[in-house]
Amino acid sequence: MSDLTPERQRLTMLRLAHLREAETGYRSGDPLLAIPGEPRPQYDPDTTTLTQRRQAKAAELRRAAAQDPDQAAALSLKQAGYRTLIRWDMDRRRFGPVGCADDRWLREATGRRISAAVREALFAVRAETLHRSKLSAKDRERLIHQYVRETFGTDEPVPSYETLRVVWREWFGSSGARQRYARSAARAQEVATGRHVVVHRPGQVVALDTTILPVKVREDVFGDPVSVHLTLALDVYTHSIVAFRLTLVSDTSMDVAMVLRDVMMPLPMRPDWGEEMEWAYPGVPATLVAEFAGHKVAGLPFFAPETVTTDHGSVYKNHHLIEVQRVIGANIRPARVLRPTDKQAVERAFGAIQSLLFRILPGYQGVDAADRGVDPEADACLTVARMESLIATWVVGVWQNRRFGSYAPSWDPAGDHSPNSLFAASMAQGGFALQIPPAELYYQLLPTHRVMIHGKRGVKVKNLWYDGAALDDYRHQQSRRGGVAKYKYLFRRDPRDPCFVFFQDPRTHDWHTLRWNGLPDEGQVPAFSDARVREVLREVRSRGLAPKSDAELLPLLLELIGGEIPIEQWPTRMTKTQRVEHSREMAQAAAAAADRPADAGLAARASGEEPNPAEEKDNVVPLRWHERARQGQAAVDDERRRRREHIMPERPAAPPALGQRLRERSLLALPEEDDLAESDGREEEL
């Protein structure tokens, strides 16, 4: 109503009065506010119907228009009829009193009149300049004049430069953006659905992204300074960092799957954390959450994500992630091309962590090469394990309790809110689903392999054979599964640790662990990856070998992963790239062992005992390649001992030492008569 002039507002209220009288019989719409003479007989609601009253009002308006046409035209009631009253009533219900106003009174303001020829020229120049390099408004004006002159002739008028500039801004927006962003916005506009997503609960949208950690850290095997990748999962509604991972070199689809699993799992308390880090959200006691989780839970939200927003990296587009989103029931949606605003929350979180934490750590590399220190690699003193522990402590203790500032919720922009307080408020408003996924979720998130079961050797997955007692009931028989995996069994395998595969019994649905046939019964083997297995098989083919079993591949595998290199030659025989590869294999195997359920019954990896952060100093770096070499040599010795015992089960008695018979008796003792007779007989025979 405020958009109407005072005169138009008076006419609108007069129309509303006529409408109320036709609807209720009273001009005010309320019997308690009736004026003298109301209700009139033709509008009495006790004796007439709504249709009769509307028809009577339409007849009254027609008589008034016939008696005084000028006044009826001024009141805009000349053409009002039965259908008009119905339309007014429907619009009044939708928009209020302004629904009775004439549409021409609130006509959209175009500002300027543009002819059809100029309009066509504007859109043609827009389509042409969108794929060119950036042009100024003057350049676009010249192209518009050229298009109109060549298409419609010189007699067609063209507005002035200022008019064209204003119309261009109204129709196509400001031209201050870069060209590639403008093209991206145009493509997004073509496929846009017109719906604006409003995030109003935790877990509705989780932004996921990976960046290089701006701090140099030392890997846990050789102690070399390396760069690690930080994968972050941020809840868009509460701005809570619900999960993160540090990976050497780059992340894989398996790492992303485990990050999404961490979002759904409660974070366990660490030994060095105090009571202030425990679960403290109202409505759900910490003891109840600890009872469901099986351990004390830290003060970090956990939930099942509904939508996961990522970038266009290949790690987020493979078939494994598609299967992961089906298992967890989430939608993994990539952001629009060249539209960083789709996941600006997680991008801003990276910047906040850098300014609040990473900048003050030794080994920080700066924003670019110009701001970098003299030698960040030499300044690095934190290991990957210590950095992971530091980030986890900072997230739970600092980030989750930090005031929002400009990210305060819309319903309380001036309040003091943090991620923890906003999550607590959402729990009070909509409740909290205490759903902790079972331990079997780890197996369900692993990549699937459809293979047949061999009667004697087991199953072959990624060129390696696996076997176990769990396959005894299914040997020499096909699976009853149909479809793509017809007659085949499904096996799960963690690409980070090829030593094991996992099999779910089709009858009991229990999960079983199958060991690689090449693993020795005693001792441990250094960690290796799929790339190392392919390298071993290439070496086997190049040497012309034909191993009968995977156990014969173990010596060659140990030779390639550096197990047989003497300790003194490790730093000189291995380049930095090779050391990083070995460190990555060890880190992936350790991460896979940590992600496996506690009841899997798997032995600890051969990476040795993990360093105790409480006993380790910040400037002490564990150099553990000596342990790795000793483990490799021990595995070789165990394999050789196993082969010897297989060939000769009973160990023969050792032969007597030289001169043992002479030492048994004295050289001065005289021989017996029987001995002399035997010696004389031998002489006669000779």
- Item | Pair Tyr281, Ser426: side-chain N/O donor-acceptor within cut-off below 3.5 Å | no
- Could you walk me through whether Leu234 and Lys343 pass side-chain contact (heavy atoms from CB on, under 4.5 Å), step by step? CA-CA 10 Å; Leu234 183 83; Lys343 55 184 186 69; over 6 Å; no
- Message: Gln204 vs Val236, test: side-chain contact (heavy atoms from CB on, under 4.5 Å). Steps then yes/no.
- Response: CA-CA 8 Å; Gln204 183 180 358; Val236 176; over 6 Å; no
- Message: As an exercise, state the distance from CZ of Phe123 to CD of Glu128, rounded to the nearest 0.5 Å.
- Response: 16.0 Å
- What pair of heavy atoms forms the shortest contact from Val215 to Pro362, and how long is it? CG1-O, 3.6 Å
- Query: Does any non-hydrogen side-chain atom of Met427 lie less than 4.5 Å from one of Val284?
  - Reply: yes
- Query: Is the CD atom of Gln429 crowded by more than 12 outside heavy atoms at less than 6.0 Å?
  - Reply: yes
- How close do Pro498 and Trp516 get, heavy atom to heavy atom, and via which atoms? O-CB, 4.5 Å
- Query: Side chains of Phe423 and Phe303: closer than 4.5 Å at any heavy-atom pair?
  - Reply: yes
- Item | All salt bridge (Lys or Arg N to Asp or Glu O under 4.0 Å) counterparts of Asp235, not counting sequence neighbours | none
- Message: Can you tell me how far apart CG (Asp224) and CZ (Arg218) are? Round to the nearest 0.5 Å.
- Response: 7.5 Å
- Task: Mind running side-chain contact (heavy atoms from CB on, under 4.5 Å) on Val297 and His295 for me, showing each step along the way?
- Result: CA-CA 6 Å; Val297 179; His295 52 75; 4.2 Å; yes
- Item | Test item: Phe404 and His239 side chains (from C-beta on) under 4.5 Å apart, heavy atoms | yes
- Query: Asp251: what forms a salt bridge (Lys or Arg N to Asp or Glu O under 4.0 Å) with it, not counting sequence neighbours?
  - Reply: none
- Residues that Tyr237 engages under side-chain hydrogen bond (donor to acceptor under 3.5 Å, both in side chains), provided they are two or more places apart: none
- Message: Working to the nearest 0.5 angstrom, can you tell me the gap between Leu422 CG and Thr238 OG1?
- Response: 6.0 Å
- Note on the structure: Residue set satisfying side chain to side chain contact (heavy atoms under 4.5 Å, CB included) with Pro437, at least two apart, ordered chain then number -> Met264, Met265, Leu441
- Message: The criterion is side chain to side chain contact (heavy atoms under 4.5 Å, CB included); which residues satisfy it with Asp375, sequence neighbours excluded?
- Response: Glu377, Ala378
- Message: For a 4.5 angstrom cut-off between non-hydrogen side-chain atoms, does Met254 reach Pro447?
- Response: yes
- Distance-only, no hydrogens or angles: does the Thr393 side chain make a donor-acceptor pair with backbone N or O of Ser389 under 3.5 Å? yes
- Item | Contacts of Asp416 that satisfy side-chain hydrogen bond (donor to acceptor under 3.5 Å, both in side chains) - sequence neighbours left out | Arg403
- Query: What is the ring orientation for Trp279 with Phe432, classed by angle as parallel under 30°, tilted 30 to 60°, or perpendicular over 60°?
  - Reply: tilted
- Message: Quick check: do Val346 and Leu208 have side-chain heavy atoms less than 4.5 Å from each other?
- Response: no
- Note on the structure: Scanning both residues in full, the closest heavy-atom pair of Thr129 with Leu135 reads CG2-CD1, 3.6 Å
- Message: Just so I know, are the side chains of Asp311 and Tyr316 near enough to count as touching, which here means a heavy-atom distance under 4.5 Å?
- Response: yes
- Task: Mind checking salt bridge (Lys or Arg N to Asp or Glu O under 4.0 Å) for Arg245 and listing every partner two or more places apart, or none if nothing turns up?
- Result: Asp262, Asp595
- Message: Under a 3.5 Å cutoff, is there a donor and acceptor pairing between the side chains of Arg333 and Thr310?
- Response: no
- Query: Heavy-atom distance under 4.5 Å between the side chains of Met387 and Leu246, does that happen here?
  - Reply: yes
- Message: Taking CD1 in Ile212 as the centre, count heavy atoms belonging to other residues, nucleotides or ligands within less than 6.0 Å. Is the count above 12?
- Response: no
- Could I get the full list of side chain to side chain contact (heavy atoms under 4.5 Å, CB included) partners for Gln365, not counting sequence neighbours? Lys216, Ser227, Arg372, Pro376
- Could you go step by step and tell me if Thr210 and Val315 meet the side-chain contact (heavy atoms from CB on, under 4.5 Å) rule? CA-CA 10 Å; Thr210 303; Val315 66; over 6 Å; no
- Side-chain ion pair, Arg270 and Asp272, N-O less than 4.0 Å: no
- Query: Under the 3.5 angstrom rule, does the side chain of His312 hit a backbone N or O of Ala335 as a donor-acceptor pair?
  - Reply: yes
- What one should report as the nearest heavy-atom pair of Pro334 and Ile332 is CD-O, 3.8 Å
- Kindly say whether His417 contributes a backbone atom to a donor-acceptor pair with the side chain of Ser421 at under 3.5 angstrom? no
- Pairwise salt bridge (charged side-chain N to carboxylate O under 4.0 Å, His left out) hits with a residue in residues 354-366, at least two apart: none
- Task: Would you list the pairs meeting salt bridge (charged side-chain N to carboxylate O under 4.0 Å, His left out) in which at least one residue belongs to residues 319-330, sequence neighbours left out?
- Result: Glu323-Arg326
- Query: How many angstroms lie between CH2 in Trp171 and CZ in Arg126, if you round to the nearest 0.5 Å?
  - Reply: 12.5 Å
- Sequence neighbours excluded - ring-ring contact (aromatic ring centres under 6.0 Å, His included) pairs with any residue from residues 350-377: none
- Message: I'd like to check Asp255 versus Thr231 (side-chain heavy atoms, cut-off strictly below 4.5 Å). Are they in contact?
- Response: no
- Message: If I take atom CZ from residue Arg496 and atom CZ from residue Arg596, how far apart are they, to the nearest 0.5 angstrom?
- Response: 8.5 Å
- Closest non-hydrogen atoms of Asn401 and Gly397, given as atom of the first, atom of the second and distance, are ND2-O, 3.2 Å
- Note on the structure: Rounded to the nearest 0.5 angstrom, the OG1-CD distance for Thr383 and Glu388 is 10.0 Å
- Query: Listed by chain and number, what are the salt bridge (Lys or Arg N to Asp or Glu O under 4.0 Å) partners of Arg201, not counting sequence neighbours?
  - Reply: Glu306
- Closest non-hydrogen atoms of Ala257 and Leu445, given as atom of the first, atom of the second and distance, are O-CD1, 3.8 Å
